[in-house]
Amino acid sequence: MTDREIEVGVFLVLMGVVLVLGFGAARWRAPADPHSLEEWGVGGRSFGNWVTWFLIGGSMYSAYTFIAVPALTYGVGAIGYFAVPFAIITTPMTFLFTTRAWSVSRRHGFVTLSEFVNARFGSPGLGAAVAVTGIVATMPYVAVQLLALQAVLRTVGFGGEWPLLAAVTVVSVCTFRSGLRAPALLSVVKDVLMAWMLLTAVLMVAMYGGWDHAFQQSAEHFAATKNPADGLLLPPTGHLGFLTLVIGSALAIFAYPHALVGMLAAKDRATVRRNAAALPIYCMALALMALLGFFALSRGITPVDGDLNTVVPRLIHEYFPSWSAGIAYAGLSVAALIPAAVMSIAAANAFTRSLFRPYLRPAASPAVEARVSRWVSLLVKFGAAALILAVDPTFSVDLQLIGGVIILQTIPAVFVGLLTGWFHRAALLAGLFTGLGVGVWMLYDIPKVDGTGHFGGSSWPLDNGSSVYVGIVALIANLVVTVAGTLILRAVGNAGGVDATHPDDYLADAGDAKLKRLDGLIDGLPRRGAVTVDGRGEHTPSHAPRPPVRSARD
């Protein structure tokens with residue numbers, strides 16, 4: 001067999017294994033009644049430490065990490081490293097905000113942030129606006145994952161559009177059937193494959209001159225280009241753009257609907273806190289992958305048909321042993337499919353709970369909710385596929401950053417709302433629409449690299465040669481309108497909505513009698529005497545007999 005045949009063979013075998021696991025995930029620790037949104041959309045809220053760890057890593061550290069970031073460092077140098085400090089900053093933010101979000105969501109039965117916003121500010125309209133904003137922002141983020149998958153398939157030799165559509169169809173069927181359990185189970189496989197790829201990459205760099213040689217060659221390349229913004233170091237005019245990219249991305253990442261899904265699936269508050277504290281481990285993998293862009297540049301790697309997303313796959317093809325390259329291709333493909341699946345599930349949950357149920361079917365049963373979410377998740381994935389076929393961004397990171405501009409406008413209602421309910425619901429709506437208007441207008445006015453067209457990126461050029469991330473400017477406008485509007489409305493005596501949450505809701509933990517106990521993934525059935533609460537807050541004791549005790553480990 002030729003090296004190419006070995007590569008493709010190993011890749012196809014591993015993807016076949018992934019496919020089988022994805023279909024089989026529906027039976028993995030399956031509950032007695034899987035036909036509800038809580039079971040399909042958040043895994044029954046009963047994942048333990050290890051499953052939660054792999055799921056969060058699989059959904060948050062995705063193909064964006066392993067393909068898009070190295071493509072950016074390959075293309076423009078140091079600016080691509082913005083992803084590393086923002087990933088580090090998110091850790092303390094995650095520790096604070098997601099624990100509070102987990103507690104209030106468990107006590108009230110929320111599966112989305114938009115439901116929380118509705119309850120916090122007493123405004124179904126605001127909740128619906130946050131849901132729509134989240135869905136729209138998620139689409140380009142899903143597209144980033146599919147672009148990365150397409151790059152891998154092109155490098156393997158499966159060109160054209162049909163391989164991408166086939167892969168999207170497969171992952172759609174898996175998640176349609178298995179819900180969040182499919183990406184949770186496959187996240188374990190993904191981390192094993194990616195660990196092997198990173199180990200091979202470290203050995204490869206050591207064998208071909210080390211990092212000193214890579215940096216030297218990259219510096220010479222950037223010095224010879226006509227672009228004043230590239231290089232191993234940021235130019236003086238690049239500091240503001242870099243800083244605002246870091247801050248904006250750090251604020252945006254956990255405002256996405258999918259970011260909370262993995263946390264809500266955790267069985268208790270301690271699991272959330274442990275996983276938040278351990279997230280910096282993934283930052284090391286992100287930093288290494290960003291460096292591979294410089295190594296590829298130093299080795300003269302050329303992307304396929306000018307597509308910079310193929311830089312890492314091409315590097316793997318040129319320098320990895322053929323059998324190891326097949327493993328790496330499979331790891332990168334799974335790293336693209338898992339977050340795409342989780343994002344589509346999160347977007348579908350937001351649609352079902354904040355749009356379908358309140359406005360179309362208020363009396364929808366849990367089974368109807370789950371069925372609607374399944375179909376909406378399909379629309380999200382294929383909509384993202386249509387998006388990447390319609391646009392041709394220079395850097396796929398730009399798609400994620402454009403989505404970040406949109407999702408940042410939910411920060412006042414979502415993140416600040418987790419700390420205080422002071423904002424007025426009408427002011428929040430006005431601020432949200434103001435931020436979206438400012439953000440979309442600025443994005444439209446940014447030309448492409450060649451100086452023509454619109455939507456050419458997410459950094460607004462300033463007169464002094466520097467730039468600023470559009471999302472930060474739009475968020476500032478949002479906050480100004482929200483704060484000013486709240487002060488005016490309260491000054492004239494306009495009452496806000498009724499806050500359905502209580503201070504102790506944000507500190508609730510497993511074992512609280514007011515929480516909904518869903519132990520199907522751990523003990524098989526709810527424990528004897530457990531108290532459950534449905535999505536409307538009505539408490540019902542469970543008298544199911546206790547099954548034989550099994551291990552609660554993941």
Side-chain angles (χ1 to χ4, degrees), residues 19 22-23 25-26 34-43 59 62-63 111-115 127-150 161-183 186 256-261 336-361 364-391 396 399-400 402-403 406-407 410 436:
L19 177 61
F23 278 103
H35 303 295
S36 71
L37 192 58
E38 294 212 358
E39 292 295 344
W40 184 83
V42 288
S59 59
S62 59
V111 298
T112 66
L113 288 171
S114 53
E115 288 179 278
V130 169
V132 172
T133 303
I135 294 169
V136 172
T138 298
M139 294 293 286
Y141 210 166
V142 177
V144 172
Q145 316 308 321
L146 299 184
L147 278 170
L149 176 61
Q150 186 179 50
E161 300 172 356
W162 70 265
L164 175 65
L165 295 177
V168 172
T169 301
V170 169
V171 72
S172 298
V173 173
C174 288
T175 52
F176 188 92
R177 171 183 168 85
S178 305
L180 193 65
R181 287 179 181 81
L186 295 182
Y256 280 101
H258 73 278
L260 193 63
V261 168
L337 293 173
I338 289 173
V342 177
M343 291 170 192
S344 67
I345 289 172
N349 290 348
F351 172 84
T352 302
R353 281 292 178 89
S354 295
L355 297 172
F356 174 77
R357 184 172 180 176
Y359 296 103
L360 300 177
R361 289 280 298 274
S365 66
V368 170
E369 285 186 332
R371 184 164 61 250
V372 170
S373 284
R374 284 186 171 100
W375 286 107
V376 173
S377 71
L378 297 183
L379 294 177
V380 171
K381 283 189 279 287
F382 282 101
L387 176 64
I388 67 173
L389 296 178
V391 301
S396 61
L399 281 174
Q400 189 271 336
I402 289 172
I406 298 172
I407 201 64
T410 66
L436 289 174

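Just so you know, residue 1 is the first one in the sequence shown, and it goes up from there.
Of all non-hydrogen atoms in Leu146 and Ala340, the two that sit nearest each other are CD2-CB, 4.5 Å. Heavy-atom minimum distance, Gly41 versus Val261: O-CG1, 3.7 Å. In terms of heavy atoms, Ala131 sits closest to Ala350 at CB-O, 3.9 Å. Contact between Ser114 and Gly127 at its shortest, heavy atoms only, is CB-O, 3.2 Å. Contact record, Phe176 with Arg374: O-NE, 2.7 Å, taken as the closest heavy-atom pair. Closest non-hydrogen pair, Gly22 versus Ala182, comes out as O-CB, 4.0 Å.
For the atom pair CD1 of Ile406 and CD1 of Ile135, the computed distance is 12.5 Å after rounding to the nearest 0.5 Å. Here the CG-OG1 distance, from Leu378 to Thr175, works out to 6.5 Å after rounding to the nearest 0.5 Å. Note: Thr133 OG1 to Leu113 CG = 12.0 Å, rounded to the nearest 0.5 Å.
In this structure, the salt bridge (charged side-chain N to carboxylate O under 4.0 Å, His left out) partners of Glu369, at least two apart in sequence or on a different chain, are Arg353, Arg357. With sequence neighbours left out, the side-chain hydrogen bond (donor to acceptor under 3.5 Å, both in side chains) criterion links Ser373 to Thr352. Checked against ring pair (Phe, Tyr, Trp, His ring centres under 6.0 Å), Phe351 has no partners two or more places apart in sequence or in another chain. Contacts of Phe382 classified as side chain to side chain contact (heavy atoms under 4.5 Å, CB included), with partners at least two apart in sequence or in another chain: Val168, Thr169, Ser172. In this view, Ser59 and Val342 satisfy the side chain to side chain contact (heavy atoms under 4.5 Å, CB included) rule, not counting sequence neighbours. Evaluation of the side chain to side chain contact (heavy atoms under 4.5 Å, CB included) rule for Leu379 yields no partner, not counting sequence neighbours.
Side-chain contact between Leu186 and Leu337 is absent, with no heavy atoms from C-beta onward closer than 4.5 Å. Residues Thr410 and Ile407 form a side-chain contact, since some pair of their non-hydrogen atoms from C-beta on lies under 4.5 Å apart. Between Ile345 and His258 the shortest side-chain heavy-atom distance does not fall below 4.5 Å. Looking at heavy atoms from C-beta onward, Arg361 lies out of side-chain contact with Val372 at the 4.5 angstrom threshold. A heavy-atom distance below 4.5 Å is found between the side chains of Leu37 and Asn349.
No donor-acceptor distance shorter than 3.5 angstrom exists from the side chain of Glu39 to the backbone of Ser36, with no hydrogens or angles considered. A donor-acceptor pair is defined here as one N or O able to donate and one able to accept, closer than 3.5 Å; no such pair exists between the side chain of Ser178 and the backbone of Arg181. Not one N or O on the side chain of Trp375 forms a donor-acceptor pair closer than 3.5 Å with the backbone of Ala348.
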